[in-house]
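In what follows, chains are A, B, ... by sequence order, proteins preceding strands, each numbered from 1. Not measured: the values here are computed from a predicted model.
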Amino acid sequence: MPAPPPALAARIYLAVRQIPPGQVSSYGDVAAVVGGGCDARSVGVALGALGPGEADVPWQRVVSRDGTISTRGLRQQELLAAEGVAFDSYGRVMMPRHRWRGPDAAWATANRMHTLPPRDDAEQLELF
DNA sequence: CAGATGACTCCCA
DNA sequence: CTGGGAGCCATCT
């Protein structure tokens with residue numbers, strides 16, 4: 001039997017579950033939402049340890065900060081494309097367009113997590 | 001307790 | 001673009 005997920009991993013999974021279909025987030029952003037001594041690496045490790053018991057965690061929606069896919073052989077890009085995520089000619093997710101803005105403030109408070117700091121918008125303006 | 005490890009990220013050559 | 005190195009941190013040996 002798989003060992004029960006440590007507390008931090010459970011929080012990471014909870015945060016990842018907030019990312020809506022068609023959007024993506026980076027390991028670092030997820031870590032920022034989780035807070036409490038969690039960094040991008042911790043998120044990567046936690047997702048790498050996903051087992052059958054956490055099949056409902058949309059791990060494919062977490063990519064590197066620059067939109068590149070760090071997994072190999074997991075069909076991550078296919079899964080994302082299937083939910084409407086667009087990629088550029090370099091095979092990177094078009095972050096400005098799909099980047100998750102963070103959890104709802106009320107949800108964050110209720111779960112003792114954090115919202116993402118507002119980001120400068122030059123990039124976000126690429127919308128349509 | 002000390003090391004090794006990993007689906008990260010940033011910086012510089 | 002590529003590659004190396006340094007921070008980062010929870011987990012597992």
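- Defined by atom type and a distance below 3.5 Å, a donor-acceptor pair is present between the side-chain atoms of A:Tyr27 and A:Ser70.
- If you measure from atom CD1 of A:Ile19 to atom C1' of B:dA7, you get 13 Å, rounded to the nearest angstrom.
- Candidate nucleotides B:dC10, C:dC1, B:dC8 were compared by shortest atom distance to the side chain of A:Ala40, and B:dC8 ranks first.
- Atoms CG (A:Asp66) and P (C:dC1) sit 9 Å apart, rounded to a whole Å.
- Going from atom CZ of A:Arg61 over to atom C1' of B:dA7 covers 16 Å, rounded to whole Å.
- The distance from atom CG of A:Asp39 to atom C1' of C:dC9 is 5 Å, rounded to the nearest whole Å.
- A:Thr71 comes within contact range of at least one nucleobase, with a heavy-atom separation under 4.0 Å.
- Using a 4.0 Å heavy-atom distance criterion, A:Gly48 is classed as a base contact.
- The residue A:Leu47 sits close to a base: some heavy atom pair falls under 4.0 Å.
- If A:Tyr90 and A:Ser42 are placed on DNA chain C by their nearest nucleotide, the residue sitting closer to the 5' end is A:Tyr90.
- Classification of A:Asp56 and A:Arg17 as a salt-bridged pair holds, one side-chain N sitting under 4.0 Å from a carboxylate O.
- For the pair A:Ser26 and B:dC8, the criterion of a side-chain N or O lying under 4.0 Å from OP1 or OP2 is not met.
- In the model, A:Ser64 has no side-chain atom that pairs as donor or acceptor with a side-chain atom of A:Asp66 under 3.5 Å.
- Candidate nucleotides C:dA10, B:dT9, B:dA7 were compared by shortest atom distance to the side chain of A:Leu8, and C:dA10 ranks first.
- Note on A:Arg41: every side-chain N or O is 4.0 Å or more away from OP1 and OP2 of B:dT5.
- Proximity of a side-chain donor or acceptor of A:Thr109 to a complementary backbone N or O of A:Ala105 within less than 3.5 Å is detected.
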